[in-house]
Undergrad: 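Got a structure here, written out as structure tokens. Questions coming.
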Amino acid sequence: MNILLVGSGGREHALAWKIAASPLVKRLVAAPGNPGMAAQAELRNVPATDVEGLVALAREIAADLVVIGPESSVAAGLADAVVAAGIPCFGPSAQAGQLESSKAFTKAFCDRYGLPTSAYAVCESAAEGHAALARFQPPYVVKADGLAAGKGVVIAPTKGEAEAAIDDAFAGRFGEAGARVVLEEFLEGEIGSLFALCDGRDSMVFGSAQDHKRAFDGEQGPNTGGMGTYSPAPVFTRELVEQVRTRLVEPAFAGIAADGAPYKGVLFVELMATKAGPKLVEFNVRFGDPECQVLMLRLESDLVPYLMACAEGRLAEMPPPQWRDESAVCVVMAAKGYPEKPQAGGAINGADGDFGADTVVLHAGTKLDDAGQLRASGGRVLNACARGATLREARDRAYAAVDAIDFPDGFCRRDIGWRALG
């Protein structure tokens, strides 16, 4: 098979690493890719939102499958265009992608189809947002409605901080994504990430993980796109997985199909395990980042047949995926200043070292300068990922890789997996 993989972050590097290992793959092309992905794929400098250019590239390489990594490509309508060109695509339509691209859409969707989630208010102006705060208790959850790369959420301890967050959003802090704001009830419980595949009709659960959203140790600092993950997470008991499948996953797939947009691809269900059962925090219409990294390390099965089955409507033919018994950990190495003002351009050495059979360093935001020096080009820069017989062993291996890399302008959390390790 010839496969075109769209995207350039840590999630896409993890997918490239797993797809390239498949005996079914003859040629893997990544667009635009990143320097680390060059070990697994041919790189083509076509942006992830250049729909016309990506369709042309898929035709040029005679792609048997296009795999969409980032949510920006979904929102741009890439899947619609690829399918219209007669090429199988793993990734939902732009209409189905509203489950991520608009939080207001998703809240109304949950109301229509009875999915458990938090109480909310959709606000079209700062004044409306300030007035709506009276309906909530602290801490206040303030979200930009649109896509903000995982950074559009503020959890404000006081009303004053919530009002400031609302003002910031409407003042343009998140661009168009913040033109509308959603206020939400703060949910008490343990957060988790569960993934499910769908081919437009049939679906299956496809792994779970737990993420660390705050920038600093001890769950301190601003929310980020994710500073690290581990899998499996103890919160995902068989009972919880079954509850999420029946209360959130299957109703979501049935609902979006009833709306006229059958879902093809992976749905990322971010949930809070509360005393009243699982409640939806938000949907994402792609593999999580950095959740995808630990899933790919633990996935024993060949990924490619599952991607193709989703694209071709054959998921019912597929057996449940097989997972390694080991634990996996991903530690994000970010540029200093992330998520507010990450310092770009910092030199990185040692990221291409041999860290052992159970450890891999994936690139998330890197570039090569004219002299061939690897440098940071984004907020989240590298992912140190490792497997181990125990979570502690996996974490120790991941941090050994972090410590072997010379990235003076970077930082990471040192407590990934703390909930499970105590």
Undergrad: Does any pair with a residue in residues 364-384 pass salt bridge (charged side-chain N to carboxylate O under 4.0 Å, His left out), and if so which ones, sequence neighbours excluded?
TA: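 Of all non-adjacent pairs touching residues 364-384, those that pass salt bridge (charged side-chain N to carboxylate O under 4.0 Å, His left out) are D369-R375.
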Undergrad: Measure the CD1-CG distance between I256 and L99 for me, rounded to the nearest 0.5 Å.
TA: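 Rounded to the nearest 0.5 Å, the CD1-CG separation comes to 4.0 Å.
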Undergrad: Can you tell me how far the CG atom of L271 sits from the OG atom of S193, to the nearest 0.5 Å?
TA: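 Going from CG on L271 over to OG on S193, the span is 7.0 Å.
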Undergrad: Does any N or O in the side chain of R245 come within less than 3.5 Å of the main-chain N or O of E250, such that one atom is a donor and the other an acceptor?
TA: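 No, R245 side chain to E250 backbone: no donor-acceptor pair under 3.5 Å.
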Undergrad: Give a yes or no on whether the backbone of R324 and the side-chain of R298 come within a donor-acceptor separation of less than 3.5 Å.
TA: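 Yes.
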Undergrad: Rounded at 0.5 Å granularity, tell me how far CD1 in I19 sits from CE in M296.
TA: 8.5 Å
Undergrad: If we ignore angles and hydrogens, is there a donor and acceptor under 3.5 Å between the side chains of E393 and T390?
TA: no
Undergrad: Strictly distance-based, threshold 3.5 Å: is any side-chain N or O of D80 a donor or acceptor partner for the main-chain N or O of A94?
TA: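 Yes, D80 side chain to A94 backbone: donor-acceptor pair under 3.5 Å.
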Undergrad: Between F109 and A252, which heavy-atom pair has the shortest distance, and what is it?
TA: CZ-O, 3.4 Å
Undergrad: Between T106 (side chain) and S102 (backbone), is there a donor-acceptor pair under 3.5 Å?
TA: yes
Undergrad: Might you point out which heavy atoms bring M227 and A334 nearest each other, and give the distance in Å?
TA: CE-CB, 4.1 Å
Undergrad: For a side-chain contact (heavy atoms from CB on, under 4.5 Å) check, start with the C-alpha distance between I191 and D211, then their side-chain angles and the critical distance, and finish with the verdict.
TA: CA-CA 8 Å; I191 201 162; D211 185 17; over 6 Å; no
Undergrad: Considering only heavy atoms from C-beta outward, does the side chain of R395 approach that of Y230 to under 4.5 Å?
TA: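 Side chain of R395 against side chain of Y230, heavy atoms only: no contact under 4.5 Å found.
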Undergrad: Evaluate side-chain contact (heavy atoms from CB on, under 4.5 Å) for D199 paired with R314, printing each intermediate quantity in order.
TA: CA-CA 7 Å; D199 66 1; R314 298 183 291 98; 5.5 Å; no
Undergrad: Does D415 use its side chain to pair, donor to acceptor, with the backbone of D217 at less than 3.5 Å?
TA: no
Undergrad: Can you list everything that forms a side chain to side chain contact (heavy atoms under 4.5 Å, CB included) with V29? Sequence neighbours excluded, please.
TA: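 Per chain and number, V29 pairs via side chain to side chain contact (heavy atoms under 4.5 Å, CB included) with L4, R27, E42, R44, L57, I61.
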Undergrad: Counting neighbours of CG on D403 that are heavy atoms of other residues, nucleotides or ligands and sit closer than 6.0 Å, is the number greater than 12?
TA: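 More than 12 heavy atoms, drawn from other residues, nucleotides or ligands, come within 6.0 Å of this atom.
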Undergrad: Classify the side-chain pair Q293/W17 by whether it contains a donor and acceptor separated by less than 3.5 Å.
TA: no
Undergrad: Does anything in residues 361-406 pair up under ring pair (Phe, Tyr, Trp, His ring centres under 6.0 Å), and if so which pairs, sequence neighbours excluded?
TA: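 Of all non-adjacent pairs touching residues 361-406, those that pass ring pair (Phe, Tyr, Trp, His ring centres under 6.0 Å) are H13-H363.
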Undergrad: Please confirm whether the backbone N or O of V285 pairs with a side-chain atom of E100, one donor and one acceptor, at under 3.5 Å?
TA: yes
Undergrad: Distance from M37 atom CE to E12 atom CD, nearest 0.5 Å?
TA: 6.5 Å
Undergrad: Check for a donor-acceptor pair, side chain of N383 on one end and backbone N or O of C330 on the other, with a separation under 3.5 Å.
TA: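 Pair absent, no side-chain N/O of N383 close to backbone of C330.
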Undergrad: Should D167 and H130 be marked as a side-chain contact (heavy atoms from CB on, under 4.5 Å) after you check the CA-CA gap, both sets of side-chain angles, and the distance that decides it?
TA: CA-CA 9 Å; D167 291 341; H130 290 183; 2.9 Å; yes
Undergrad: Between E239 (side chain) and T237 (backbone), is there a donor-acceptor pair under 3.5 Å?
TA: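 Side chain of E239 to backbone of T237, a donor-acceptor pair under 3.5 Å: no, none is there.
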Undergrad: Report the distance from atom OH of Y140 to atom CD of E163, rounding to the nearest 0.5 Å.
TA: 8.5 Å
Undergrad: Once rounded to the nearest 0.5 Å, what's the spacing between atom CZ of F206 and atom CZ of F268?
TA: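 Rounded to the nearest 0.5 Å, the CZ-CZ separation comes out at 15.0 Å.
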Undergrad: May I have the step-by-step check of salt bridge (charged side-chain N to carboxylate O under 4.0 Å, His left out) for E282 and K143, ending in yes or no?
TA: CA-CA 11 Å; E282 63 184 27; K143 293 185 176 182; 3.8 Å; yes
Undergrad: Decide, yes or no, whether a salt bridge links E188 with K279 under the criterion of side-chain N to carboxylate O below 4.0 Å.
TA: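 Answer for the salt bridge query: no.
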Undergrad: In sequence, state the C-alpha distance, the side-chain angles, and the governing distance for D406 and I348, and then conclude on side-chain contact (heavy atoms from CB on, under 4.5 Å).
TA: CA-CA 6 Å; D406 181 23; I348 305 163; over 6 Å; no
Undergrad: Are there more than 12 heavy atoms of other residues, nucleotides or ligands under 6.0 Å from atom CD of E176?
TA: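 Open: at most 12 neighbouring heavy atoms sit under 6.0 Å from CD of E176.
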Undergrad: One thing to verify: whether R286 and E291 come together as a salt bridge, which I'm taking to mean a side-chain N less than 4.0 angstrom from a carboxylate O.
TA: no
Undergrad: Keeping the roles fixed (side chain from K107, backbone from S118), state whether a donor-acceptor pair exists under 3.5 Å.
TA: yes
Undergrad: Counting N and O atoms only, with roles assigned by atom type, does the side chain of T229 sit under 3.5 Å from a partner on the main chain of P290, one being a donor and the other an acceptor?
TA: yes
